[in-house]
There are 2 protein chains.
Amino acid sequence: MEDPVERLELLFGLGLSFQLVLTEFVRRLDALGYEDLRPVHGYAFQALRWGGLTSTELAGRLGVTKQAAGQMIDELERKGYVSRHPHPDGGRRRLVVLTDKAQRHLAVAGETLHALERELGEKVDVPALRDQLATLIKTLQDGKGPLPPLRPVW
Amino acid sequence: MEDPVERLELLFGLGLSFQLVLTEFVRRLDALGYEDLRPVHGYAFQALRWGGLTSTELAGRLGVTKQAAGQMIDELERKGYVSRHPHPDGGRRRLVVLTDKAQRHLAVAGETLHALERELGEKVDVPALRDQLATLIKTLQDGKGPLPPLRPVW
DNA sequence: GAGGCAAGTAAAGCTGGTTTACTTGGAGTG
DNA sequence: CACTCCAAGTAAACCAGCTTTACTTGCCTC
């Protein structure tokens with residue numbers, strides 16, 4: 001009887017690895033009281049981390065329409081993770097910045113993810129894996145410009 | 001100026017690799033005339049490949065409700081990729097089996113994916129990467145039973 | 001001060017699922 | 001044999017998270 005894990009297609013292995021790591025990551029964050037956030041919110045927090053963005057800029061980073069970004073910002077504002085301010089460049093622009101609550105989430109999420117990576121490191125050569133993934137990404141994206149946003153594709 | 005690809009988080013690298021490989025795979029299948037199928041349909045075809053399944057069994061394989069599986073089967077039946085037959089075990093059961101059209105798709109998709117892997121093999125050590133992903137999956141799933149279905153998590 | 005552009009907002013629509021509720025064929029059981 | 005029960009399948013309403021379409025508004029330019 002053969003081990004099904006051993007005969008993985010590359011594509012299936014990538015998808016399932018991502019799913020399992022992300023699911024465990026989310027499970028731990030939920031246990032820490034962050035059930036009100038989805039993965040995409042953490043992704044948005046990273047984009048907003050350094051000084052904030054306008055909603056249209058955030059939309060570009062997330063690969064969604066500005067309306068979808070606006071809805072997400074409304075939700076995050078209600079939940080106390082972001083606030084809107086007048087934009088220094090004026091116009092109708094508004095600068096969306098993280099609150100302290102979101103900054104704390106970023107710190108906790110970062111530590112949680114690194115702890116998970118350390119645990120995996122006992123069985124898997126994480127730096128080597130990361131290098132191979134970086135090479136894979138560079139190969140696929142070669143000459144096609146900057147990296148696209150992470151989006152659901154399944 | 002540092003290369004952003006080099007400092008990838010493991011999680012981000014897994015997600016983006018999956019996205020890029022899958023997007024390229026889908027792009028090639030679309031170019032071959034399969035614009036009417038999403039990735040999940042190919043995943044369903046693989047589950048149905050060896051003798052077919054009931055819709056409830058397929059639902060379990062895909063990790064969705066039996067109603068969602070039923071809707072997908074309706075759609076695939078309309079498009080000529082599956083057909084329903086009386087089930088040998090009787091009851092209300094109906095056996096969903098692939099048509100020749102779907103079997104041809106499986107052959108084409110397999111060849112397309114392997115061609116893509118061969119191309120990537122010029123720059124990336126695909127067997128080594130596959131092994132590391134298998135180890136990662138086994139580590140995360142250790143003692144938690146069989147592998148879960150591949151599902152959208154983003 | 002007229003027009004245009006880009007940011008933002010509003011509302012409707014679409015997709016792909018879930019939830020709730022029902023139908024139905026074939027057991028098992030007295 | 002009649003009754004009950006179970007599991008498969010189906011139907012319809014609902015829902016989340018987006019997109020599309022359409023509008024508002026602040027500033028810049030001429």
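Not measured: the values here are computed from a predicted model. Reckoned from all heavy atoms, side chains included, excluding hydrogens, waters and symmetry mates. The chains referred to below are lettered A, B, ... by the order of the sequence lines, with proteins before strands, and numbering in each begins at 1.
Atom pair A:Gln71:CD and C:dA10:P shows a separation of 11 Å (rounding to whole Å applied). In this structure, B:Leu62 places its CG atom 10 Å from P of C:dT18, rounding to the nearest Å.
The aromatic rings of B:Trp154 and A:Tyr43 lie perpendicular to each other, with more than 60° between the two planes, well past the 30° mark.
B:Leu22 contributes atom CG, which lies 9.5 Å from atom CG of B:Leu29 (distance to the nearest 0.5 angstrom).
Of all nucleotides in DNA chain D, those with any atom nearer than 4.0 Å to a heavy atom of chain A start and finish, going 5' to 3', at D:dG17 to D:dC27.
When the nearest nucleotides of DNA chain D are assigned to B:Asp74 and A:Gly90 by heavy-atom distance, the more 5′-ward of the two goes with B:Asp74. Closest-nucleotide positions on DNA chain D for A:Met72 and A:Asp89 were compared, and the one nearer the 5' end corresponds to A:Met72.
Contacts of A:Gly91 with the nucleic acid, taken as non-hydrogen atoms under 4.0 Å apart, involve only primed sugar atoms and P, OP1 or OP2.
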Intermediate values then yes/no, side-chain hydrogen bond (donor to acceptor under 3.5 Å, both in side chains), A:His85 and A:Ser83:
CA-CA 7 Å; A:His85 302 275; A:Ser83 55; 2.8 Å; yes

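Residue-to-nucleotide contacts include a donor-acceptor pair under 3.5 Å from the side chain of B:Gln67 to the base of C:dT20.
Within 6.0 Å of atom NZ in B:Lys123, 12 or fewer heavy atoms from other residues, nucleotides or ligands are found, so the atom counts as exposed in its surroundings. Residue B:Arg28 qualifies as enclosed at atom CZ: its count of foreign heavy atoms under 6.0 Å is above 12.
Contacts of residues 29-39 of chain B with DNA chain C (heavy atom under 4.0 Å): B:Arg38. Residues of residues 48-60 of chain A having a heavy atom closer than 4.0 Å to DNA chain C, listed by number: A:Thr54, A:Ser55, A:Thr56.
Put simply, the side chain of A:Gln19 never gets that close to the backbone of B:Val153: no donor and acceptor are under 3.5 Å apart.
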